[in-house]
Protein chains: 2
Amino acid sequence: MSHHDLKLGSPNCGDCPIRHRAVCARCETDELAQLDAIKYYRSFQAGQTVIWSGDRMDFVASVVTGIATLTQTMEDGRRQMVGLLLPSDFVGRPGRSQAAYDVTATTDLVMCCFRKKPFEELMGSTPHIAQRLLEMTLDELDAAREWMLLLGRKTAREKIASLLAIIARRDASLKSSVTKGGVKFDLPLTREEMADYLGLTLETVSRQMSALKRDGVIELEGKRHVIVGSLDRLMEETGDDSDGGALV
Amino acid sequence: MSHHDLKLGSPNCGDCPIRHRAVCARCETDELAQLDAIKYYRSFQAGQTVIWSGDRMDFVASVVTGIATLTQTMEDGRRQMVGLLLPSDFVGRPGRSQAAYDVTATTDLVMCCFRKKPFEELMGSTPHIAQRLLEMTLDELDAAREWMLLLGRKTAREKIASLLAIIARRDASLKSSVTKGGVKFDLPLTREEMADYLGLTLETVSRQMSALKRDGVIELEGKRHVIVGSLDRLMEETGDDSDGGALV
DNA sequence: CCTTTCGGTTGATCTGAGTCAAGGCGAAAC
DNA sequence: GTTTCGCCTTGACTCAGATCAACCGAAAGG
């Protein structure tokens with residue numbers, strides 16, 4: 001990871017590279033200065049709403065620390081999570097003035113915001129940034145499509161296993177402690193948030209978590225701390241192809 | 001729509017603007033020539049596979065005429081459509097050498113392909129193209145997120161109505177014949193393809209189509225030709241907010 | 001012309017996940 | 001220390017959509 005990967009992020013993004021991103025070809029240090037000039041930080045407490053769908057949004061931002069979610073809500077209250085923002089992920093879109101989704105902090109959250117107008121101008125003059133953004137957006141589109149398969153075709157058990165695998169994987173890469181197959185991590189989501197992610201009810205989430213525990217796929221320490229004995233065993237439950245499908 | 005919107009497309013893309021896209025700021029005509037130099041056309045018959053997931057893919061492309069789908073398939077055969085490519089839509093991603101999804105022609109199809117290597121180089125030297133691509137990708141991400149809400153939270157009836165509304169809307173904008181509320185169009189998808197789009201079985205699709213007919217929301221002429229008396233009535237069935245939610 | 005095939009419809013039945021409802025437990029509040 | 005509240009679990013029952021199966025009609029192909 002080069003210093004360029006930090007461009008849209010913050011001083012300590014180094015802690016939290018979820019996905020590896022390609023390194024830029026050229027080095028123009030004044031970009032950083034220009035970005036610095038229009039950036040500011042905002043903090044939110046767990047549970048706080050960052051912005052409501054439809055609200056005026058005059059910034060774009062990237063997550064520094066913590067976790068945020070994008071959700072859509074139907075008139076009658078049915079909710080579907082459509083984005084899970086981890087450190088280094090990006091929110092907002094150049095050329096749009098209203099938020100399209102509810103953005104909520106699920107943990108304490110720090111975001112690095114860029115005022116939209118100057119950011120757009122900078123994007124026009126600095127091809128680099130559009131390219132980085134394109135790359136990130138394409139990654140997110142891939143994630144969304146994986147997610148669509150999950151929502152449309154997987155069983156409740158497979159959905160849960162898939163979500164646990166996603167969290168385990170990112171947690172492992174974060175701590176870069178590739179333990180021999182056993183992994184421990186804290187769930188950053190409540191049962192209800194998991195349900196909104198997976199298109200299930202919270203009762204079904206709870207039942208399937210219990211079932212996976214009963215069947216020895218996972219262990220639970222309290223409600224939030226998960227221990228996965230064997231990641232391979234967990235992966236068997238996801239319904240996914242065994243070969244991780246790492247497309248470059 | 002300016003001539004720039006056609007850049008990644010083909011001579012007759014003018015026929016098929018599904019979504020309006022912003023017009024570029026500057027006019028550099030040699031871009032067109034450069035793109036022309038690396039492009040070529042490929043035709044496929046309805047039902048033909050353009051490329052299989054995992055296959056080497058040394059081009060990126062955009063749809064000129066016809067419709068293609070992106071689908072993911074699980075080992076046991078469960079299938080989920082994750083993209084519906086209409087004229088002017090883009091496939092492939094710079095910086096990736098393998099296809100991530102099955103791409104299939106559902107109607108006769110003409111694609112405008114660009115050899116990947118030179119396209120990437122061109123993208124490096126022409127900021128313009130990355131910006132267009134970013135914009136298109138963001139649109140697709142939004143569509144994917146709408147789709148996720150559909151897959152995760154809508155009932156079978158709402159799913160069908162939503163799909164019909166999507167097709168009706170694009171068909172209307174294509175023919176730009178904004179009839180007083182009544183619309184006719186041909187379904188470009190089989191019941192099975194609709195099912196793969198919606199995360200349902202084909203039987204459920206068929207039953208819900210019949211139900212919508214019985215309830216006077218739509219009429220059917222043959223199996224494929226749909227008549228929607230009132231788009232508003234159809235929209236009521238989708239579960240979506242009434243205010244179209246046109247975010248700029 | 002008959003037969004096969006393909007896409008579609010419809011019925012009967014089954015079942016996975018939703019719904020409704022009753023607790024449990026731990027942390028914060030009083 | 002006990003009450004409250006938020007989050008989670010579990011049970012009983014229901015139901016939307018899946019599954020299995022029969023059948024229809026149009027087009028293709030011999």
Side-chain angles (χ1 to χ4, degrees), chain A residues 45-48 69 74 76-80 104 106-107 150-164 186-215 218-226 237 239, chain B residues 45-48 69 74 76-80 104 106-107 150-164 186-215 218-226 237 239:
Chain A
Q45 291 177 307
Q48 233 185 320
T69 61
M74 296 171 67
D76 61 5
R78 280 175 282 174
R79 285 160 53 87
Q80 176 62 52
T104 312
T106 56
T107 65
L150 177 147
L151 289 170
R153 295 304 188 188
K154 290 191 178 179
T155 65
R157 171 181 264 242
E158 288 169 341
K159 286 178 175 181
I160 299 283
S162 301
L163 177 55
L164 292 178
D186 287 309
L187 281 174
L189 303 175
T190 66
R191 298 288 185 262
E192 187 173 17
E193 286 160 346
M194 292 172 71
D196 285 343
Y197 185 110
L198 300 170
L200 298 170
T201 59
L202 67 106
E203 292 96 327
T204 298
V205 171
S206 183
R207 272 188 255 274
Q208 295 298 334
M209 289 288 288
S210 300
L212 288 175
K213 187 168 96 182
R214 179 169 16 83
D215 299 347
I218 60 172
E219 288 167 65
L220 291 176
E221 231 167 52
K223 278 123 212 286
R224 297 299 203 87
H225 195 73
V226 180
E237 300 285 347
Chain B
Q45 291 176 305
Q48 232 186 319
T69 61
M74 296 171 67
D76 60 5
R78 281 176 280 172
R79 285 162 53 88
Q80 176 63 52
T104 312
T106 57
T107 64
L150 177 148
L151 289 171
R153 295 303 188 190
K154 289 191 177 178
T155 64
R157 172 182 263 244
E158 288 169 341
K159 287 179 176 182
I160 299 282
S162 301
L163 176 55
L164 292 178
D186 288 309
L187 281 175
L189 303 175
T190 65
R191 298 289 185 262
E192 187 173 17
E193 285 160 347
M194 293 173 70
D196 285 342
Y197 186 109
L198 300 170
L200 297 170
T201 59
L202 66 106
E203 291 96 329
T204 299
V205 170
S206 183
R207 272 188 253 274
Q208 295 298 335
M209 289 288 288
S210 300
L212 288 175
K213 187 168 98 183
R214 179 168 15 84
D215 299 346
I218 60 172
E219 288 167 64
L220 292 176
E221 230 167 52
K223 278 122 211 287
R224 296 299 204 88
H225 195 73
V226 180
E237 300 285 347

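Any value given below was found using the heavy atoms of this structure, including those in side chains, with hydrogens, waters and symmetry copies removed. Each chain gets a letter, A, B and so on, in the order its sequence line appears, and its residues count up from 1.
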In whole angstroms, how far is the C1' atom of D:dG6 from the CD atom of A:E193?
-> 13 Å

d(CZ, A:R78; P, D:dA16) in whole Å | 13 Å

Approximate separation, where rounding is to 0.5 Å, of A:L151 CG and B:L150 CG | 10.0 Å

What is the distance, rounded to the nearest whole Å, between atom CG of B:L220 and atom P of D:dG25?
-> 16 Å

side-chain contact (heavy atoms from CB on, under 4.5 Å) against B:E192, all qualifying residues, sequence neighbours excluded | B:T190, B:D196, B:L202

Whole-Å distance separating the CE atom of B:M209 from the C1' atom of C:dT9 | 12 Å

With side chains defined as the heavy atoms from C-beta onward, is the minimum distance between A:E237 and A:L164 less than 4.5 Å?
-> no

From CZ of B:R191 across to C1' of D:dG25 the rounded distance in Å is 14 Å

Taking atom C1' of D:dA16 as reference, at what distance in whole Å does atom CD of B:E158 sit?
-> 12 Å

Does A:K159 reach the side chain of A:L200, with side-chain heavy atoms less than 4.5 Å apart?
-> yes

B:E221 CD to C:dG8 P, in whole Å, measures 16 Å

OP1 or OP2 of D:dC8 less than 4.0 angstrom from a side-chain nitrogen or oxygen of A:R224, does that happen here?
-> yes

List, one per line, each side-chain donor-acceptor pair under 3.5 Å for residues 203-214 of chain A, sequence neighbours excluded.
{"residue": "A:T204", "atom": "OG1", "partner": "A:T201", "partner atom": "OG1", "Å": "3.1"}
{"residue": "A:S210", "atom": "OG", "partner": "A:S206", "partner atom": "O", "Å": "3.1"}

Does any non-hydrogen side-chain atom of B:K154 lie less than 4.5 Å from one of A:M74?
-> yes

Distance in angstrom units between B:L198 CG and D:dA16 C1', rounded | 15 Å

In B/S/- notation, 5' to 3', how is nucleotides 10-26 of chain C contacted by protein heavy atoms closer than 4.0 Å?
-> BBB----SSBB------

